[in-house]
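Worksheet for the structure shown next.
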Amino acid sequence: MKTAFWLGLLVGFCGVLGAAHFYPWVAPSRLPSHTSVVANGGRAERFLIRLPADRIDAIGDQKSGLRAGVGATAVALPAELEARSLLVEHFKVRDAAGNVIGLAARHWSNTSAGPTTAWSLLIPSRGALLLTAPGEARGALDTALRGAGFVPGKAWVGEVRVGLGAADKAAGLIAAGTDEFDGLQGHYSETWTVTGVSDSSELRGTIELDTVTFQGS
């Protein structure tokens with residue numbers, strides 16, 4: 001009797017695993033990709049983030065400027081990392097039509113080889129995409145805003161458009177991908193357009209990630 005019980009339990013467990021594999025219980029809806037073919041081959045696609053609506057949280061040191069210290073969503077850097085130059089930001093990510101399609105994490109750090117930026121885009125219905133770029137100066141966005149008349153602690157309205165991380169497509173690389181993005185190569189650019197800053201230092205504007213990908217050899 002005991003043997004039959006355990007055998008039945010094992011068979012039932014295997015049946016549940018098999019059903020979950022062949023008949024997934026959760027199937028994220030797949031929105032159409034907003035892509036276009038580029039002249040020299042490959043596929044162009046824009047990913048969009050709207051500020052402040054799509055900002056989830058940020059973790060950074062005290063020198064990371066506006067992007068690490070905005071409102072109630074800012075998170076203090078753990079004590080063991082306070083000595084490092086580090087800024088991690090999390091966002092909702094949209095397609096070019098403005099539909100929320102997934103999540104994005106942006107990681108900036110100052111390494112022995114210089115400052116580096118990495119984006120991780122997770123789109124449940126399509127897969128994950130990793131982007132990397134060198135060379136973003138610390139506080140580059142704050143510097144550009146001050147040049148346009150922004151004063152910390154005061155509300156500001158205007159327009160500043162600046163390339164961060166991958167300021168042009170020659171600098172940013174498609175590093176890796178999964179599922180639909182598996183095996184893709186290419187490049188990307190990252191542009192922040194800020195149209196306002198509140199008196200509590202909350203940014204208003206957009207982040208555009210413009211990618212060009214092609215199937216690797």
Side-chain angles (χ1 to χ4, degrees), residues 34 45-78 81-111 114-121 131-172 188-211:
H34 293 269
E45 183 171 9
R46 170 172 291 178
F47 299 100
L48 179 68
I49 295 167
R50 294 175 179 168
L51 303 172
D54 295 340
R55 186 176 185 275
I56 298 173
D57 61 24
I59 302 174
D61 61 15
Q62 294 181 349
K63 297 181 180 179
S64 296
L66 291 169
R67 286 156 50 199
V70 183
T73 59
V75 180
L77 197 66
L81 297 178
E82 284 183 352
R84 296 190 57 185
S85 298
L86 178 68
L87 175 60
V88 180
E89 301 165 276
H90 297 97
F91 308 94
K92 292 180 285 186
V93 65
R94 301 173 186 264
D95 60 20
N99 302 301
V100 175
I101 56 174
L103 298 173
R106 188 184 196 276
H107 181 279
W108 178 93
S109 60
N110 195 8
T111 68
T116 59
T117 301
W119 278 94
S120 177
L121 309 181
L131 317 173
T132 63
E136 178 192 336
R138 179 198 289 266
L141 184 62
D142 294 59
T143 300
L145 285 168
R146 290 192 186 97
F150 166 69
V151 177
K154 295 183 179 181
W156 173 86
V157 176
E159 181 170 315
V160 166
R161 185 173 175 87
V162 59
L164 293 182
D168 59 71
K169 289 188 174 70
Y188 81 100
S189 64
E190 175 186 346
T191 305
W192 290 59
T193 302
V194 178
T195 57
V197 184
S198 71
D199 54 8
S200 61
S201 297
E202 184 176 66
L203 298 172
R204 182 173 67 252
T206 60
I207 306 169
E208 297 167 343
L209 298 173
D210 289 303
T211 66

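Atom set for the values below is all heavy atoms of this structure, side chains included, hydrogens, waters and symmetry mates excluded. Note that the coordinates shown come from a computational prediction; the quantities given were computed from them, not determined experimentally.
Arg55 places no side-chain N or O within donor-acceptor distance of the main-chain N or O of Ile49, the cut-off being under 3.5 Å. When atom types are taken as modelled, the side chain of Asn99 and the backbone of Ile101 share no donor-acceptor pair closer than 3.5 angstrom.
Shortest non-hydrogen contact noted between Tyr188 and Thr132 is CE2-O, 3.5 Å. The shortest heavy-atom contact between Asn110 and Pro115 is OD1-N, 3.4 Å. Contact between Leu145 and Val197 at its shortest, heavy atoms only, is CD1-CG2, 4.1 Å. Thr117 and Gly165 make their closest contact through OG1-CA, 3.8 Å (heavy atoms, listed as atom of the first residue, atom of the second, distance). Gly172 approaches Ala133 most closely through the heavy-atom pair CA-CB, 3.9 Å. Closest non-hydrogen pair, Ala58 versus Arg67, comes out as CB-O, 3.3 Å.
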Could you walk me through whether Leu86 and His107 satisfy the side-chain contact (heavy atoms from CB on, under 4.5 Å) test, starting with their C-alpha distance in whole Å, then the side-chain angles of each, then the deciding distance to 0.1 Å, before giving a yes or no? CA-CA 8 Å; Leu86 178 68; His107 181 279; 3.1 Å; yes
Given side-chain contact (heavy atoms from CB on, under 4.5 Å), test Glu89 with Trp108 step by step and report yes or no. CA-CA 9 Å; Glu89 301 165 276; Trp108 178 93; over 6 Å; no
Begin from the C-alpha positions of Glu208 and Leu48 and carry the test side-chain contact (heavy atoms from CB on, under 4.5 Å) through to its verdict. CA-CA 5 Å; Glu208 297 167 343; Leu48 179 68; 4.0 Å; yes
Stepwise side-chain contact (heavy atoms from CB on, under 4.5 Å) check, Leu141 with Leu164: CA-CA 8 Å; Leu141 184 62; Leu164 293 182; 4.2 Å; yes
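To the nearest 0.5 angstrom, Trp156 atom CH2 is 9.5 Å from Leu203 atom CG. Here the straight-line distance linking atom CZ of Arg46 with atom CG of Asp210 works out to 4.0 Å at 0.5 Å rounding. How far OG1 of Thr206 is from CG of Leu51: 7.5 Å, rounded to the nearest 0.5 Å.
For Lys92, the side chain to side chain contact (heavy atoms under 4.5 Å, CB included) criterion is met by Asp54, Ile56, Val100, Leu103, not counting sequence neighbours. Arg204 pairs by the salt bridge (charged side-chain N to carboxylate O under 4.0 Å, His left out) definition with nothing, not counting sequence neighbours. With sequence neighbours left out, Trp192 forms a side-chain hydrogen bond (donor to acceptor under 3.5 Å, both in side chains) with Glu190.
Trp119 pairs in a side chain to side chain contact (heavy atoms under 4.5 Å, CB included) with only one of the listed residues (Val93, Thr211, Ile207), which is Ile207.
Residues Leu66 and Phe150 meet the side-chain proximity criterion, which asks for heavy atoms closer than 4.5 Å.
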